[in-house]
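Notes follow the structure.
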Amino acid sequence: TADIISTVEFNYSGDLLATGDKGGRVVIFQREQENKIRPHSRGEYNVYSTFQSHEPEFDYLKSLEIEEKINKIRWLPQQNAAHFLLSTNDKTIKLWKISERDKRAEGYNLKDEDGRLRDPFRITALRVPILKPMDLMVEASPRRIFANAHTYHINSISVNSDHETYLSADDLRINLWHLEITDRSFNIVDIKPANMEELTEVITAAEFHPHQCNVLVYSSSKGTIRLCDMRSSALCDRHSKFFEEPEDPSSRSFFSEIISSISDVKFSHSGRYMMTRDYLSVKVWDLNMESRPVETHQVHEYLRSKLCSLYENDCIFDKFECCWNGSDSAVMTGSYNNFFRMFDRSTRRDVTLEASRESSKPRASLKPRKVCAGGKRKKDEISVDSLDFNKKILHTAWHPVDNVIAVAATNNLYIFQDKAN
Amino acid sequence: MSAEVPEATSVKEQKEMEDKVTSPEKAEEAKLKASYPHLGQKPGGSDFLRKRLQKGQKYFDSGNYNMAKAKMKNKQLPTATPDKTEVTGDHIPTPQDLPQRKPSLLLASLLVD
């Protein structure tokens with residue numbers, strides 16, 4: 001179970017794809033460049049680097065284990081030959097540097113080729129070491145460790161558009177860090193009540209605006225989103241905007257609040273919209289309109305009549321993520337039975353696809369799937385009761401430019417590409 | 001006056017029954033309440049927390065852990081532990097033994113404070 005993928009993220013160019021897993025490992029894939037010798041391999045992602053990011057820890061004071069599971073990975077924009085990413089578990093964020101080494105120095109004066117130190121008295125001449133090519137080696141090294149700033153479990157990290165700061169959010173607080181400074185972080189949102197018995201909602205996700213470095217949003221377990229402006233005050237407890245869809249009070253049930261809990265919030269690339277994922281739907285919001293979303297896409301509405309058993313087996317608390325494509329014309333999110341859904345915002349068409357070995361052969365097209373909610377099941381349709389709720393697709397990612405998607409199905413990673421590529 | 005009250009109640013009951021028929025969500029709620037009659041009205045409150053609490057937080061005893069680590073150093077244990085789910089009795093749990101915790105559900109982490 002340590003192989004269960006817990007996060008997937010493309011870098012800014014899309015050439016690198018990082019995955020984090022439950023065992024604290026990060027695996028980075030790199031896209032093959034155009035190659036005359038193997039023309040079909042262009043666009044394939046191959047393993048580039050693997051490293052252990054986090055280890056299990058024990059909080060001795062509170063007698064609790066701290067999981068090494070990687071909750072989120074976020075890339076930094078590339079500034080030189082090396083690549084940087086932030087990875088976080090429940091308590092600690094780490095900045096990793098991934099660099100290539102393709103040259104090695106030979107002809108040292110003080111040591112032999114195998115590394116043994118030479119006897120200084122036996123050295124009679126000086127030479128200048130020469131750089132010789134070597135097999136490409138990719139090294140990952142931890143450059144910063146940002147620890148001890150979160151009492152509760154970190155659910156989000158987000159790099160600011162200023163490329164100098166980032167935020168980390170847990171259930172009740174959001175902190176602002178500078179990438180160079182590890183011994184200090186500023187608390188910018190704190191929703192912890194004085195009396196914990198008055199607690200009614202928690203922070204579920206947070207993200208910086210893609211262009212406005214002073215703007216961030218955070219979502220809650222009650223289905224609301226707050227937009228904060230860091231220019232207005234040091235502590236952003238008071239929001240600048242409050243997004244909530246009005247609810248019909250007569251339709252309220254025991255499950256209403258639970259299924260309204262937002263599991264992910266993502267700004268569009270344009271910065272004009274944001275998308276939220278709750279248990280049954282994906283909603284697109286216009287930042288200029290707080291009263292209701294501009295679009296609602298049903299992911300798996302047929303589950304509404306299964307809420308009782310989904311509550312009993314805890315599936316109702318599953319946290320699905322969502323993502324935009326590069327042009328913001330489509331959005332994608334996962335579901336159960338290894339299904340994932342894509343919604344085209346312009347044509348208003350949607351499709352259900354499956355990520356599994358049985359249903360897809362390499363280079364074959366994916367066949368759309370259909371779930372039969374009730375009544376007569378047509379051929380090729382799957383009935384709701386046959387869905388496997390252990391096969392959940394919680395993490396998906398879309399290439400920032402091309403139609404390439406990465407879908408994590410438990411401990412398998414699927415990468416799908418548009419034929420046009 | 002008293003004749004009106006029973007009528008009002010029966011109208012309310014009828015509306016509830018209609019709701020259960022027309023709304024799948026309300027039907028599911030009725031099912032849940034049938035299994036758990038003491039389920040509270042506000043899921044965000046303490047009932048919710050209690051359910052998360054029951055998810056079994058593993059408490060760690062540093063003394064036992066260090067003694068078990070010392071014991072392990074002395075004898076070479078096979079890499080495959082017999083039964084990962086059985087952490088009881090004389091068996092001192094070590095990090096490798098602990099069953100993987102479920103992802104941090106909503107309020108589970110809040111008991112830490």
Side-chain angles (χ1 to χ4, degrees), chain A residues 1-2 4 6 22-23 55-60 62-69 71 90 150-155 170-172 192 196-202 204 221-222 250-259 261 301-312 314 317-319 394, chain B residues 15-16 18-20 22-36 39-49 51-52 54-66 69 84-85 93-113:
Chain A
T1 48
I4 294 176
S6 49
K22 213 166 174 204
E55 298 276 3
E57 281 174 59
F58 290 93
D59 182 335
Y60 287 85
K62 290 168 183 166
S63 273
L64 292 173
E65 49 163 323
I66 299 168
E67 270 192 307
E68 68 276 32
K69 172 167 76 82
N71 292 336
D90 283 339
H150 286 279
T151 308
Y152 306 103
H153 290 183
I154 298 173
N155 53 55
D170 65 32
D171 292 318
L172 296 179
K192 185 181 174 193
M196 281 298 269
E197 297 199 352
E198 290 165 5
L199 180 73
T200 53
E201 69 185 320
V202 295
T204 51
S221 52
K222 277 182 149 178
S250 66
S251 67
R252 193 161 178 86
S253 77
F254 173 81
F255 303 110
S256 300
E257 190 174 302
I258 303 172
I259 62 172
S261 176
E301 179 67 15
Y302 46 78
L303 294 183
R304 201 179 285 271
S305 52
K306 300 283 170 204
L307 292 176
C308 180
S309 44
L310 291 168
Y311 178 86
E312 287 175 319
D314 273 354
F317 302 109
D318 284 337
K319 296 185 177 126
L394 303 173
Chain B
K15 171 110 186 29
E16 271 179 17
E18 274 170 6
D19 277 347
K20 281 171 196 156
T22 53
S23 158
E25 209 174 298
K26 290 246 163 90
E28 290 296 296
E29 181 180 25
K31 244 193 263 176
L32 194 67
K33 292 223 160 117
S35 315
Y36 306 99
L39 209 54
Q41 288 305 312
K42 279 195 75 67
S46 52
D47 268 8
F48 203 22
L49 242 180
K51 184 168 167 114
R52 301 277 66 75
Q54 283 158 24
K55 285 311 150 189
Q57 204 108 19
K58 273 278 177 295
Y59 283 86
F60 165 72
D61 183 317
S62 62
N64 282 344
Y65 168 65
N66 285 311
K69 260 206 341 195
K84 285 211 163 172
T85 58
T94 54
Q96 299 88 309
D97 296 345
L98 294 170
Q100 291 296 330
R101 254 193 14 208
K102 277 198 178 172
S104 162
L105 293 163
L106 226 58
L107 303 170
S109 59
L110 298 177
L111 19 134
V112 167
D113 204 33

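The shown structure was predicted, so the numbers you read here are calculated from the model rather than taken from an experiment. Quick note on labels: first sequence line is chain A, next is B, and so on, each numbered from 1.
Every salt bridge (Lys or Arg N to Asp or Glu O under 4.0 Å) that A:Glu301 has, sequence neighbours left out, goes to A:Arg304. In this structure A:Ser256 satisfies the side-chain contact (heavy atoms from CB on, under 4.5 Å) test together with A:Glu247, A:Arg252, A:Ser253, B:Glu25, sequence neighbours excluded.
Checking B:Tyr36 against A:Glu312 by side-chain atom types alone, a donor-acceptor pair falls below 3.5 Å.
If you measure heavy-atom distances from A:Leu310 to chain B, you find no contacts under 4.5 Å at all.
Listed here is the closest heavy atom pair of B:Lys31 and A:Cys308: CB-SG, 3.8 Å.
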